[in-house]
2 protein chains.
Amino acid sequence: MIINAANKPNKKFNMSNIDKKLKKRLGCINGFYTDSKRMPTYSEMTVLFGVKSKNAVFKIVSKLIEGGFLQKDSKGYLLSTSAITSKVRFLKLLGSVEAGFPSPAEEELLDSVSIDKLLIKNPNSSFLLEISGDSMTQAGIMPKDFAIVDKSLTPKEGDIVIARVDGDWTIKYLRKEDGKYILEAANPKYGRIKPKQELTVAGVVVGTIRKYRQCG
Amino acid sequence: MIINAANKPNKKFNMSNIDKKLKKRLGCINGFYTDSKRMPTYSEMTVLFGVKSKNAVFKIVSKLIEGGFLQKDSKGYLLSTSAITSKVRFLKLLGSVEAGFPSPAEEELLDSVSIDKLLIKNPNSSFLLEISGDSMTQAGIMPKDFAIVDKSLTPKEGDIVIARVDGDWTIKYLRKEDGKYILEAANPKYGRIKPKQELTVAGVVVGTIRKYRQCG
DNA sequence: TGATACAGTAAACAATCGTTCACTGTCAAG
DNA sequence: CTTGACAGTGAACGATTGTTTACTGTATCA
């Protein structure tokens with residue numbers, strides 16, 4: 001009699017209806033990861049879960065893996081799925097301001113996002129740039145803001161780009177005029193820039209960030 | 001004859017003049033951590049470093065710990081200092097746009113920052129909020145921007161705050177008039193708001209982020 | 001009432017971890 | 001040339017890891 005447990009369809013842990021106890025324990029693991037920057041060992045998880053044997057942990061972890069909440073990498077090391085999708089900093093993403101204000105406690109740790117992950121698609125080809133000058137203030141990009149620039153994207157019309165025109169690096173809108181790419185500032189006091197010869201685009205601005213309260 | 005190695009002043013690894021080979025190897029570790037979300041084992045580091053014995057790794061790691069580039073947590077597990085200070089996403093922070101454009105390759109992985117770390121001081125008391133409405137466009141906060149709100153900060157005059165006035169949640173400047181706190185929009189078409197009775201401040205806006213190119 | 005599945009305990013297992021010891025070559029200073 | 005410091009090799013070590021097996025209690029359902 002062969003059970004064939006590995007191939008039978010798994011109806012109980014289909015990623016959506018996970019029982020509350022297991023979810024809470026996943027939160028414990030994620031909390032440990034956030035604090036310690038590494039996955040807990042099975043011994044440490046006995047403390048986290050409040051059980052006394054490593055085998056209890058083993059079964060719980062197996063379920064979490066089966067449900068897709070945890071993974072193992074190629075060498076067998078435990079890997080948090082939330083560590084992949086929203087790596088470290090967990091922020092609750094709430095609704096818009098005018099639409100009422102949800103209670104801070106009702107959300108779980110599971111559905112939070114990381115700013116890095118939110119803004120950066122290609123970490124290896126992106127970099128940060130501090131903005132100076134007021135040529136883009138009308139577009140909401142103020143001096144001392146930071147622009148996240150992705151070098152690997154191909155610039156399109158309408159993008160905000162970092163470009164070198166006739167020797168100077170600037171941040172401008174990329175427009176098209178008479179079939180040729182030109183640059184345009186958002187601030188009307190700077191007009192359009194028609195490059196005399198060269199128009200090198202270093203990258204596309206994929207996001208901006210601003211920091212208030214520098215005391216922190 | 002007692003060497004007393006532990007107490008003698010350490011002049012060679014004073015955090016600043018670290019030799020190039022060691023620095024490159026630290027970069028290997030950080031690269032592994034970025035890719036795998038965990039620290040490499042000593043066996044894996046033999047491959048990373050190009051050495052054949054674990055003991056060579058042991059000595060290298062000891063130096064890195066001595067220099068403060070790596071740490072061990074309370075249980076003896078290896079911990080990358082860059083994992084603490086700029087946790088996961090490493091972005092090169094370059095100079096301002098107008099000041100010339102540095103070569104992307106010249107910078108090392110060591111001096112990069114994480115956006116999360118840059119913006120968020122108290123991760124447990126912060127959350128993300130999507131902005132709607134145009135009351136703060138003059139301050140560079142556009143609709144569909146995200147505001148990072150810290151609940152634990154005490155609001156000061158001049159801060160941008162998320163506040164509830166007479167039942168509605170809004171984002172406004174916090175001002176003082178006649179010794180009383182009032183709210184003021186950046187957009188002049190909305191005036192000042194003098195709360196009739198209640199003025200509940202939910203948190204201080206410590207930063208804003210904006211995402212272009214939603215395709216990503 | 002009995003059968004069965006589930007959650008946890010307790011003890012053992014090989015494998016791998018980080019660490020240590022003994023040794024070899026290399027390079028610079030005296 | 002000698003000497004010492006340094007970088008690395010290779011093999012061993014206890015400790016701890018993740019995993020497995022056997023067993024206990026408890027709740028559920030027929």
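In what follows, every chain begins at residue 1, and chains take the letters A, B, ... in the order their sequences are listed. Scope of the values below: all heavy atoms of this structure, side chains included, with no hydrogens, waters or symmetry mates.
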C:dT16 OP1/OP2 closer than 4.0 Å to side-chain N/O of B:S43: no
Ignoring backbone atoms, test whether A:R25 places a side-chain nitrogen or oxygen under 4.0 Å from the OP1 or OP2 oxygen of C:dA7. no
So if I take residues 47-56 of chain A and measure heavy-atom distances to DNA chain C, which residues fall below 4.0 Å? A:V51, A:K52, A:S53, A:N55, A:A56
Going from [atom1] on [X] to [atom2] on [Y], what distance comes out if it is rounded to the nearest 0.5 angstrom?
| X | Y | atom1 | atom2 | value |
| --- | --- | --- | --- | --- |
| A:M136 | A:I141 | CE | CD1 | 4.5 Å |
| B:F49 | B:I29 | CZ | CD1 | 4.0 Å |
| B:K172 | B:L174 | NZ | CG | 12.0 Å |

Taking atom [atom2] of [N] as reference, at what distance in whole Å does atom [atom1] of [X] sit?
| X | N | atom1 | atom2 | answer |
| --- | --- | --- | --- | --- |
| A:Y42 | D:dT17 | OH | C1' | 10 Å |
| B:L70 | C:dG18 | CG | P | 13 Å |
| A:R38 | C:dG18 | CZ | C1' | 14 Å |
| A:E44 | D:dG18 | CD | C1' | 13 Å |
| A:K72 | D:dT17 | NZ | C1' | 11 Å |
| A:M39 | D:dT17 | CE | P | 16 Å |
| A:K63 | C:dC6 | NZ | P | 8 Å |
| A:M45 | C:dG8 | CE | P | 14 Å |

Output a table of nitrogen or oxygen pairs between the protein and nucleotides 23-28 of chain D separated by less than 3.5 Å.
none

Please confirm whether the backbone N or O of A:D134 pairs with a side-chain atom of A:T137, one donor and one acceptor, at under 3.5 Å? yes
Selection from C:dT19, C:dG8, D:dT17 that lies nearest to any side-chain heavy atom of A:I60: C:dG8
Where the side chain of A:Y77 is defined as all heavy atoms beyond and including C-beta, which of D:dT19, C:dT16, D:dC6 is the nearest nucleotide? C:dT16
Criterion side-chain contact (heavy atoms from CB on, under 4.5 Å) against B:R210, the qualifying member of A:V206, A:T208, A:I148, A:V205: A:T208
Modelled atom types, side-chain donor and acceptor of B:D150 and B:S152, under 3.5 Å: yes
Which pair of non-hydrogen atoms, one from A:A139 and one from A:Y173, has the smallest distance, and what is that distance? CB-OH, 3.3 Å
Do the non-hydrogen side-chain atoms of A:D145 and A:I209 ever get within less than 4.5 Å of each other? no
Using the salt bridge (charged side-chain N to carboxylate O under 4.0 Å, His left out) rule, collect all pairs that involve residues 44-53 of chain B, keeping only residues at least two apart or in two chains. A:K75-B:E44, B:R38-B:E44
